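Contents: one structure, followed by commentary.
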Amino acid sequence: MFLSVFDVFKIGIGPSSSHTMGPMSAANRFLDLILSDEWPRPSHAAVGAIKVSLHGSLAHTGIGHGTGRAVILGLMGERPDLVEPDGMDGIIEQVERTGRITPPGHAGYMFQPKTDLVFDKKTPLPGHANGMSFSAFDRDGRLLLKRIYYSIGGGFVVTDTELDAMRAQKNKPAGVKVPYPFATAQQMLDMAARSGLTIAQMKRANEECSMSRDELDAGLDRIWTAMSSCIDRGLSQDGIMPGGLKVRRRARAIHDKLQEEWRSNKTNPLLANDWLSVYAMAVNEENAAGGRVVTSPTNGAAGVVPATIRYYLHFHDDADQEGIRDYLLTAAAIGGIIKHNASISGAEVGCQGEVGSASAMAAAGLAAVMGGTPEQIENAAEIALEHHLGMTCDPVAGLVQVPCIERNALGAVKAVTAASLALKGDGKHFVPLDACIETMRQTGADMNEKYKETSTGGLAVNVVEC
């Protein structure tokens with residue numbers, strides 16, 4: 001099993017990796033398919049129109065997550081890592097006004113968002129809760145091409161046939177040959193013991209099978225730069241976030257108060273937690289506003305990892321760039337194990353799979369850069385994940401605002417606490433990380449659909465709208 005650090009950490013836009021980045025990428029894939037020779041194109045037939053239907057969680061919370069906008073942007077050729085957030089409204093307005101999509105390299109197709117983009121809440125697709133169907137028609141309305149895609153969390157998108165193949169291959173050897181192909185936490189610990197390497201060093205060796213050390217380091221630095229910039233932008237903004245809930249940004253005001261306390265040397269026993277929380281909130285306020293974020297491992301949980309890295313830089317005198325790289329490599333190793341054996345998708349297993357996974361990754365990364373052994377790192381990840389088990393995903397109004405923003409702050413606090421507890425022990429503990437991951441998978445399978453990013457249960461129905 002090999003999942004690259006750049007699959008776990010992907011630069012994109014908010015508010016959701018599964019509901020925004022995934023559908024945009026699916027639209028990109030469908031456009032590429034239209035121009036390819038991978039489908040039986042009838043003679044003299046030309047695509048004249050495109051229609052899209054969203055299903056399951058994408059239908060239930062897609063409006064609040066900007067899924068429709070993401071599909072339109074994707075059909076216009078925009079990609080999650082390159083689209084300019086400030087230009088998105090103009091692109092959407094153009095499509096709505098003209099009823100046409102004009103992606104680069106294509107002749108242009110009819111697409112009326114009000115009628116050709118359907119939020120189908122009644123017909124879930126069988127493969128995954130985040131399903132969508134793209135169809136291409138000729139000018140006479142005859143169906144030429146249809147593909148089903150699933151957004152499986154963290155911005156990952158697969159077709160229905162690819163999803164079946166993934167599940168069939170789950171316990172078979174991976175196609176990518178790497179020196180340390182751990183698929184479980186126990187395998188990771190065994191390989192570390194035999195090799196004498198840290199988790200970060202093993203992950204680095206795996207990554208360097210497909211890129212040079214300089215390329216890997218540049219990519220890791222690019223990921224942290226994007227995360228850090230997101231924190232800084234979130235701390236500089238205020239006002240009301242979009243979506244209709246009228247939730248006000250709080251990170252800037254809290255940050256200003258913390259800076260004042262810092263300058264005045266006032267005693268504050270909660271100071272570290274306060275800084276940690278405001279960093280996480282800054283990221284997720286940016287995410288909620290549709291800004292540039294990094295999946296960590298998802299957008300809904302994007303604040304936990306950056307917050308703990310900034311905390312590391314802020315409060316640890318020996319923090320440096322090499323430490324940040326080791327942190328990201330270690331966190332990605334844990335994220336890959338969780339994704340392979342359970343899920344990082346809120347629509348599949350609830351928020352335990354998003355903030356819970358992020359907290360486990362952050363705890364592992366922090367324990368690593370603070371000198372933890374592989375056993376202590378695995379213990380830190382287990383503690384953080386264990387204490388998110390059963391957490392539901394119930395975003396109010398389908399927006400990634402309540403309870404998501406504060407939930408990232410608490411996920412970061414739990415990550416730091418988990419790392420601290422693990423580092424004070426010798427790595428021996430009662431519950432293995434693998435058992436905790438399997439418990440999360442089972443809990444997600446048993447969880448009622450109301451609590452898996454459909455906004456039909458929990459806070460989403462019990463908060464009175466004003």
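In this text, all values refer to a predicted model and were calculated from it rather than measured experimentally. Along the sequence shown, residues are numbered consecutively beginning with 1.
No side-chain donor-acceptor contact under 3.5 Å links N299 to the backbone of S18. Side chain of N206 to main chain of Y180: a donor-acceptor pair is present (N/O by atom type, distance under 3.5 Å, no hydrogens or angles). Here the side chain of S296 pairs no donor or acceptor atom with the backbone of A301 at under 3.5 angstrom. Between the side chain of N130 and the backbone N or O of G56 there is no donor-acceptor pair closer than 3.5 Å. The backbone N or O of L385 sits nowhere less than 3.5 Å from a side-chain atom of S359 that would complete a donor-acceptor pair. Put simply, the side chain of R213 never gets that close to the backbone of E208: no donor and acceptor are under 3.5 Å apart. Of the possible donor and acceptor atoms, one in the side chain of E354 sits under 3.5 Å from a partner among the backbone N and O of G346. Under the 3.5 Å distance criterion, the side-chain polar atoms of T298 are left unmatched by any main-chain donor or acceptor of S17.
With values rounded to the nearest 0.5 angstrom, H388 atom NE2 is found 7.5 Å from C351 atom SG. Within the model, atoms NZ of K414 and OG1 of T308 stand 15.0 Å from one another, a figure rounded to the nearest 0.5 Å. To the nearest 0.5 angstrom, M227 atom CE is 10.5 Å from I324 atom CD1. The line from OG1 of T20 to CG of L58 is 9.5 Å long, rounded to the nearest 0.5 Å. Distance check, rounded to the nearest 0.5 Å: CD1 of I334 to CD1 of I437 gives 7.0 Å. Rounding to the nearest 0.5 angstrom, the gap separating the OG1 atom in T330 from the CE atom in M202 is 9.0 Å.
For the salt bridge (Lys or Arg N to Asp or Glu O under 4.0 Å) condition, the pairs that include at least one residue of residues 54-77, sequence neighbours left out, are R69-D89. Applying the side chain to side chain donor-acceptor pair (under 3.5 Å) rule to pairs touching residues 390-407 yields R250-E406, sequence neighbours excluded. Within the structure, the salt bridge (Lys or Arg N to Asp or Glu O under 4.0 Å) test picks out no pair touching residues 287-305 (sequence neighbours left out). Sequence neighbours left out, the pairs with a member in residues 13-32 that pass salt bridge (Lys or Arg N to Asp or Glu O under 4.0 Å) are R29-E162, D32-R79. A ring-ring contact (aromatic ring centres under 6.0 Å, His included) check over residues 31-70, counting only residues at least two apart or in different chains, returns the pairs H19-H65. Under the ring-ring contact (aromatic ring centres under 6.0 Å, His included) criterion, the residue pairs touching residues 78-121 are H106-Y109, with sequence neighbours excluded.
Looking at residues two or more places apart in sequence or on another chain, you find a side-chain hydrogen bond (donor to acceptor under 3.5 Å, both in side chains) between E215 and S212. For the side-chain hydrogen bond (donor to acceptor under 3.5 Å, both in side chains) test, residues two or more places apart in sequence or in another chain that qualify with D138 are R142. Partners of Y279 under the ring pair (Phe, Tyr, Trp, His ring centres under 6.0 Å) rule, at least two apart in sequence or in another chain, are W275. Partners of F134 under the ring pair (Phe, Tyr, Trp, His ring centres under 6.0 Å) rule, at least two apart in sequence or in another chain, are F30, Y149. Here Y451 pairs with nothing under the side-chain hydrogen bond (donor to acceptor under 3.5 Å, both in side chains) rule; sequence neighbours left out. In this structure F9 satisfies the ring pair (Phe, Tyr, Trp, His ring centres under 6.0 Å) test with no other residue, sequence neighbours excluded.
Taking each heavy atom of L220 and V5 in turn, the nearest pair found is CD2-CG2, 3.8 Å. The heavy-atom pair separating L144 from A45 by the smallest distance is CD2-CB, 4.0 Å. Nearest heavy-atom pair, V283 versus V293, reported as atom, atom and distance to 0.1 Å: O-CG1, 4.2 Å. In terms of heavy-atom proximity, L163 sits nearest to G127 at CD2-O, 3.4 Å. In plain terms, the two heavy atoms of L3 and G336 that are nearest each other are CD2-CA, 3.8 Å.
Other residues, nucleotides and ligands contribute over 12 non-hydrogen atoms within 6.0 Å of the CD atom of E93. In the displayed structure, R41 atom CZ is contacted under 6.0 Å by more than 12 heavy atoms of other residues, nucleotides or ligands.
Judged by distance alone, the side chains of T61 and E453 never bring a donor and an acceptor atom under 3.5 Å apart. Side-chain atoms of S343 and S345 include no donor-acceptor pair closer than 3.5 Å.
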